[in-house]
Amino acid sequence: MNRIKVLIVDDSAVVRQVVAGVLGADPRIDVLGAAADPLLAIEYMRRQWPDVIVLDLEMPKMDGLTFLRKIMSERPTPVIICSTLTEAGARVTIDALAAGAVAIIQKPKLGLKSFLSAASDDLTSAVLCAARANVAVLAGRRPPAPAPPAAKLNADAVIAPGAPGALIQTTERVVAIGTSTGGTQALELVLAALPRTAPGIVVVQHMPEKFTAAFAERLNSVCRITVLEAAHNMRVLPGQALIAPGGKHMLMRRSGAQYVVDVVDGPLVNRHRPSVDVLFRSVAKCAGPNATGIIMTGMGDDGAAGLLEMRTAGARTIAQDEASCVVYGMPKEAVKRGGVQHTVALEAIARAIAAV
């Protein structure tokens with residue numbers, strides 16, 4: 001098996017040293033080099049092109065976002081963003097994800113060396129996942145105008161299983177979407193294509209705390225529907241999409257004839273918080289046949305069990321097809337478990353939602 005060739009581009013000598021040490025310790029990874037700025041990185045890349053680039057965004061001579069756009073326009077390559085955990089850092093990171101980056105590694109302002117060492121499993125997993133990403137679909141797609149893993153829990157840790165309760169009659173339709181790696185661009189394409197008359201939408205996109213608020217703001221700026229980061233007790237309304245906050249689980253429930261969301265703490269589920277399985281199970285229980293469940297590009301199996309629960313409860317279920325996924329992991333597992341009724345290309349998902 002060929003080792004994954006990685007180039008690190010960061011103006012911090014500490015980051016370069018620690019990330020190179022962490023990744024170089026894995027026998028599956030070969031660190032080609034570590035550059036202090038994009039111009040030096042270009043020199044490395046002329047000699048040997050990497051399989052994955054770990055990229056800072058705030059650097060001298062050329063900022064990381066400009067460098068990323070140059071790479072994606074000339075030779076699309078999986079890029080992992082090293083971003084400072086601040087509101088300003090979150091906004092520019094969302095721009096980077098929209099430009100084609102496949103993942104985020106958070107960098108605190110203080111305790112950087114100890115943090116990166118503790119997050120070694122996350123760093124390595126991000127690189128291994130990125131190496132399998134189909135960045136060609138990201139490059140050609142232009143939408144309109146955490147701690148080492150604990151034991152893997154399922155949705156039982158947050159919401160008890162069970163059949164839907166007695167439902168007050170309602171014609172209100174809702175759509176639940178779950179996605180991960182590659183989902184930021186995919187969601188932008190889907191939501192930006194929806195009319196203002198679209199049904200209420202609830203979304204889990206695997207993303208760290210603080211980044212989801214900036215993500216929702218970006219989506220809201222390019223969509224005809226309203227897109228918001230969800231807050232506790234917020235109503236699910238037609239013409240609106242609610243994005244689960246990073247670091248919290250989001251559940252949907254009935255309040256009379258209305259749907260509302262609960263934003264709650266809880267353990268990691270399928271090693272994620274928010275978890276797609278938690279959202280999907282809650283939608284299965286409270287909406288049943290009034291719901292449509294959609295699982296999109298992402299690594300792992302979060303959402304596969306929940307989508308099957310939605311289908312069993314009478315919901316319509318859809319998976320993004322392999323050809324249009326950046327990572328065909330979550331949809332593949334959902335199909336394997338029998339939770340998917342229809343598999344469609346990314347470009348067809350907005351039409352499916354509008355037809356609900």
Side-chain angles (χ1 to χ4, degrees), residues 150-168 170 172-180 183 199-207 212 230-236 241-255 258-296 298-320 329-342 353 356:
K152 184 177 176 180
L153 302 177
N154 62 25
D156 293 353
V158 177
I159 177 172
L167 300 179
I168 298 173
T170 179
E172 197 79 4
R173 303 288 176 174
V174 291
V175 175
I177 300 175
T179 186
S180 186
I201 300 168
V202 285
V203 179
V204 164
Q205 160 73 57
H206 293 157
M207 189 174 281
T212 44
H232 192 61
N233 283 329
M234 190 175 281
R235 281 189 62 191
V236 180
L242 301 180
I243 309 293
K248 301 281 187 180
H249 290 300
M250 182 172 73
L251 299 80
M252 197 177 78
R253 62 179 169 84
R254 288 285 293 275
S255 177
Q258 301 174 349
Y259 297 110
V260 298
V261 294
D262 291 331
V263 174
V264 301
D265 291 317
L268 300 178
V269 172
N270 298 321
R271 302 193 176 102
H272 293 287
R273 185 176 53 237
S275 162
V276 181
D277 268 341
V278 169
L279 175 64
F280 281 1
R281 173 176 288 181
S282 71
V283 174
K285 293 179 73 171
C286 75
N290 288 331
T292 296
I294 301 172
I295 194 160
M296 293 166 54
M299 189 76 176
D301 63 359
D302 189 29
L307 197 69
L308 179 58
E309 291 184 43
M310 288 188 66
R311 184 175 185 181
T312 301
R316 181 186 184 206
T317 58
I318 297 169
Q320 184 180 346
M330 289 162 52
K332 180 180 180 180
E333 190 62 28
V335 170
K336 180 179 175 182
R337 297 191 193 187
V340 176
Q341 292 174 307
H342 310 283
I353 294 173
V356 168

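The analysis underlying the following values was restricted to heavy atoms, covering all of them including side chains, and did not include hydrogens, waters or symmetry mates.
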From [X] atom [atom1] to [Y] atom [atom2], the distance as rounded to the nearest 0.5 Å:
X	Y	atom1	atom2	value
M207	S180	CE	OG	9.0 Å
H249	D277	NE2	CG	10.5 Å
I353	R173	CD1	CZ	15.0 Å
E309	R337	CD	CZ	10.5 Å
Q341	L307	CD	CG	8.5 Å
K248	R273	NZ	CZ	8.5 Å

If you take all heavy atoms of [X] and [Y], which pair is closest and at what distance?
X	Y	value
V276	M330	CG2-CE, 4.1 Å
V174	A287	CG2-CB, 3.9 Å
V175	P199	CG2-CG, 3.7 Å
A313	A284	CB-O, 3.6 Å
L242	A230	CB-CB, 4.0 Å
Q205	P274	O-CG, 4.3 Å

Excluding sequence neighbours, so at least two apart, what forms side-chain contact (heavy atoms from CB on, under 4.5 Å) with A241? L191, I201, I225, V227
Side chain to side chain donor-acceptor pair (under 3.5 Å) against [X], all qualifying residues, sequence neighbours excluded:
X	answer
S275	D302
S282	none
K332	none

Beyond-backbone contact of [X] with [Y], side-chain heavy atoms, under 4.5 angstrom:
X	Y	value
T292	I318	yes
Y259	N290	yes
R316	H342	yes
M252	C286	yes

Which residues pass the salt bridge (Lys or Arg N to Asp or Glu O under 4.0 Å) test with R253, sequence neighbours left out? D262
Among V269, V204, V283, side chain to side chain contact (heavy atoms under 4.5 Å, CB included) partner for V278: V269
Under 3.5 Å, side chain of R311 to main-chain N/O of V340, donor-acceptor pair present? yes
Results of ring pair (Phe, Tyr, Trp, His ring centres under 6.0 Å) for H272 - residues two or more places apart only: H206
